[in-house]
Amino acid sequence: MSCFQCGKALASALLSPEDTQRMDREMASILPMVMERAGMMVARLIRQHRRPCRVLVACGPGNNGGDGYVAARYLSEWGWPVSVASFQLPREGSLADQMARRWKGAMVPFVPEEAQQADLVIDAVFGAGMNRDLPEAVERFFAAAGQIVAIDVPSGLDGATGAVRGQVTPCWMSIALIRKRPGHLLSPGREICGEVVCADLAIPEAIMAEMDVRVWENGPSLWSIPVQAADDHKYKRGVVSICGGAEMHGAALFAFEAARHVGAGLVRLTVPSDAALLYRLASPAAIVDTQPLEQALKDERRHVWVCGPGLGMEEAEQTLPLLLKAGRQVVADAGALSWAAGKTEALKGVSVITPHMGEFSRLFGDLTGSRLDAARRAAAELDTVVILKGADTLIAAPDGRVAVNVHATPALAVAGAGDVLSGLVAAFLAAGMPAWEAAAAAVWVHGEAGQRAAEKKAGWIVPEDLFYELGRARQAASCPA
Ligand SMILES: NC(=O)C1=CN([C@@H]2O[C@H](COP(=O)(O)OP(=O)(O)OC[C@H]3O[C@@H](n4cnc5c(N)ncnc54)[C@H](O)[C@@H]3O)[C@@H](O)[C@H]2O)[C@@H](O)CC1
Ligand SMILES: Nc1ncnc2c1ncn2[C@@H]1O[C@H](COP(=O)(O)OP(=O)(O)O)[C@@H](O)[C@H]1O
Ligand SMILES: [K+]
């Protein structure tokens with residue numbers, strides 16, 4: 001089943017600097033109109049969010065500055081008291097220069113005292129074109145400001161990665177132009193952007209369709225989860241098998257209950273025989289097998305397995321290679337990832353791995369560069385979908401696609417929440433979804449269930465609270481084709 005459709009997903013595209021540059025080239029002839037619209041939209045959005053107040057627009061030398069001059073003109077025409085502080089004037093003859101020349105209002109020096117006196121400072125110093133560390137004068141200027149609205153991205157934020165290049169003062173609002181950037185969602189960028197509002201700018205569809213987008217905000221436009229049908233039967237819904245360990249029963253049981261509650265047709269636990277009774281007592285609904293794994297693997301219907309939650313090193317060693325040798329689709333987590341540290345190639349053939357940052361570094365070494373690039377590299381290296389978990393979870397495919405998920409809640413920061421996620425991924429794989437789509441949908445449904453559970457329990461949840469939210473969370477995630 002292939003359900004990824006680029007067109008449908010365009011609304012949630014996250015633009016890289018290369019995307020922006022390509023778009024600028026494609027739109028060369030209409031760029032003045034696009035900049036005019038960008039500045040106007042910024043002014044409009046500010047008018048929607050604030051009563052008239054003293055505004056200072058801080059403008060840089062590039063197109064971000066150009067947008068700032070236009071926004072200043074509109075607000076001023078609407079009667080707002082506006083002045084402009086130029087960090088550096090645009091190059092003569094450039095588009096930004098043309099917009100600067102149309103600004104006939106007050107110009108003030110680019111100094112912190114001016115920023116301090118304004119009720120609202122608009123940051124149009126650097127946007128997507130920022131290519132080196134933030135100059136100190138810019139840091140000091142914004143540090144003195146009260147409320148800041150950033151055009152596109154706050155100056156100093158790397159839109160591609162969410163990294164900051166200097167001391168960046170947190171904004172009240174950021175107005176993303178055309179589409180958000182990964183940096184609006186990825187920490188630490190996410191924490192300095194404030195509320196992120198997108199100004200669509202009505203770019204011609206033909207230009208948008210040409211975009212080779214590889215990064216998206218995770219959401220239902222990226223995948224289709226199978227819906228219930230009159231002729232459903234348990235094998236059509238999908239069979240999930242879970243390896244349980246001898247000592248830590250809870251983790252495998254969390255994955256088991258998650259797969260059951262999100263709609264898998266049949267979920268089975270394969271466990272050491274002396275632990276079987278404990279599993280059965282813990283969950284009377286559990287179908288617990290004690291036959292050797294080789295035996296269980298003779299059943300071709302059991303083609304999706306969760307391997308890792310609650311497994312010790314030895315148990316992981318005794319199960320994962322067998323599952324892979326038998327050509328099963330495997331979701332590898334926890335114990336399986338710890339076992340593979342130092343021999344990452346042992347994970348080749350796994351469909352999805354679900355490391356948190358600690359497990360990821362043990363597998364792939366300390367992070368150099370951005371988490372987004374690291375997750376993408378790991379996915380390509382192993383030819384596996386990588387779910388790099390955290391407050392901003394990344395779902396990377398071997399072909400370079402990445403979904404950035406912020407549809408979650410800090411209420412999920414509790415032991416066992418990751419085991420639930422493994423069960424969800426397996427359930428969606430077993431339902432026939434391709435690995436990247438299954439992983440992205442599982443992460444979103446996990447976040448949705450977390451939000452619903454947190455709402456009921458003032459934010460303080462345990463993993464079990466997620467189970468009874470999963471049906472509705474799956475429903476919310478089912479996007480009609
Ligand atoms: N296609 C699009 O996405 C559109 C983009 N627009 C605007 O264009 C912006 C990008 O414009 P540009 O590519 O001109 O880039 P910027 O306006 O972000 O800045 C580029 C200029 O700043 C200088 N610069 C960069 N980092 C610096 C640093 N740390 N210290 C000193 N100087 C530095 C560069 O040498 C260059 O002169 C977007 O953020 C957005 O605001 C809009 O005008 C509308 C359309
Ligand atoms: N601050 C947070 N905001 C949103 N989601 C979070 C946050 N902290 C943790 N999570 C999510 O909760 C889950 C925790 O998984 P993990 O760390 O593997 O825990 P465990 O192995 O104990 O189950 C992950 O899916 C992660 O993305
Ligand atoms: K900016």
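Order of appearance sets the numbers: ligands from 1, and atoms from 1 within every ligand. Computed from a prediction, not measured in an experiment: that's the story for all the values here.
Look at Val125 and the K ion (ligand 3): no N/O/S atom of the residue is under 3.4 Å from the metal. Residue contacts to the K ion (ligand 3): Ala150 brings no N, O or S atom closer than 3.4 Å. Metal site remark for the K ion (ligand 3): Asp123 contributes an N, O or S atom at a distance under 3.4 Å. At a threshold of 3.4 Å, the K ion (ligand 3) has a backbone or side-chain N, O or S atom of Phe126 nearer than that distance.
The closest approach between any non-hydrogen atom of Gly66 and ligand 1 is not below 4.0 Å. Ligand 1 lies out of reach of Gly60, whose nearest heavy atom is not under 4.0 Å from it. Put simply, no part of Ala334 is less than 4.0 Å from ligand 2, judged by heavy atoms. Residue contact check for ligand 1: Met27 places a non-hydrogen atom closer than 4.0 Å to it.
With a 4.5 Å cut-off on side-chain heavy atoms, Thr161 and Leu372 do not count as touching. The closest side-chain heavy-atom distance from Asp200 to Met41 is not below 4.5 Å.
Contact annotation: for Leu177 versus ligand 1, heavy atoms closer than 4.0 Å belong to the side chain alone. The backbone and the side chain of Leu412 each have at least one atom closer than 4.0 Å to an atom of ligand 2 (non-hydrogen atoms only). Residue-level proximity to ligand 1 for Asp133 is carried by the backbone, the only part with a heavy atom below 4.0 angstrom. Neither the backbone nor the side chain of Val420 comes within contact range of ligand 2; no heavy atom lies under 4.0 Å.
Of all atoms in ligand 2, numbered sequentially from 1 with element shown, those under 4.0 Å from a heavy atom of Thr393 are 27 (O).
Electrostatic pairing of Arg371 and Asp392 counts as a salt bridge here, judged by a charged N lying under 4.0 Å from a carboxylate O. Contact check on Arg22 versus Glu26 returns no salt bridge, with no Lys/Arg side-chain nitrogen under 4.0 Å from an Asp/Glu carboxylate oxygen.
When only interatomic distances are considered, the shortest N/O to N/O separation between Leu31 and ligand 1 does not fall below 3.5 Å. For Ile178, no nitrogen or oxygen atom sits less than 3.5 Å from a nitrogen or oxygen atom of ligand 1, counting backbone and side chain alike. Where the criterion is an N or O separation shorter than 3.5 Å, residue side chain and backbone included, Gly129 meets it with respect to ligand 1. The distance criterion of under 3.5 Å between nitrogen or oxygen atoms is met by Asp24 with respect to ligand 1.
By the 30° and 60° cut-offs, the orientation of the rings of Phe254 relative to Phe467 is tilted.
In terms of protein heavy-atom proximity, atom 16 (P) of ligand 2 is closest to Lys389 NZ, 3.7 Å. If you check which protein heavy atom lies closest to atom 14 (C) of ligand 2, you get Gly418 N, 3.7 Å. Scanning all protein heavy atoms for the shortest distance to atom 9 (C) of ligand 2 gives Ala413 CA, 3.7 Å. Closest to atom 25 (O) of ligand 2, if we only count protein heavy atoms, is His446 CE1, 3.3 Å. Atom 22 (O) of ligand 2 has Gly416 N, 2.9 Å as its closest protein atom, hydrogens excluded (heavy atom only). Considering only non-hydrogen protein atoms, atom 1 (N) of ligand 2 sits nearest to Pro410 CA, 3.6 Å. Counting only heavy atoms of the protein, atom 25 (C) of ligand 1 lies nearest to Asn131 OD1, 3.2 Å. Shortest contact from atom 12 (P) of ligand 1 to any protein heavy atom: Asn63 N, 3.8 Å. For atom 4 (C) of ligand 2, the nearest non-hydrogen atom of the protein is Thr409 O, 3.2 Å.
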Walk me through it: do Glu18 and Arg214 pass the test salt bridge (Lys or Arg N to Asp or Glu O under 4.0 Å)? CA-CA 11 Å; Glu18 296 75 38; Arg214 306 308 285 156; over 6 Å; no

Check the pair Val42, Tyr74 against side chain to side chain contact (heavy atoms under 4.5 Å, CB included), reporting the backbone distance first and the verdict last. CA-CA 9 Å; Val42 167; Tyr74 275 90; over 6 Å; no

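Within a 4.0 Å radius of atom 36 (C) of ligand 1, the protein contributes no non-hydrogen atoms.
Geometry note: the K ion (ligand 3) is the vertex, Asn64 OD1 and Val153 O are the arms, and the angle is 140° (rounded to 10 degrees).
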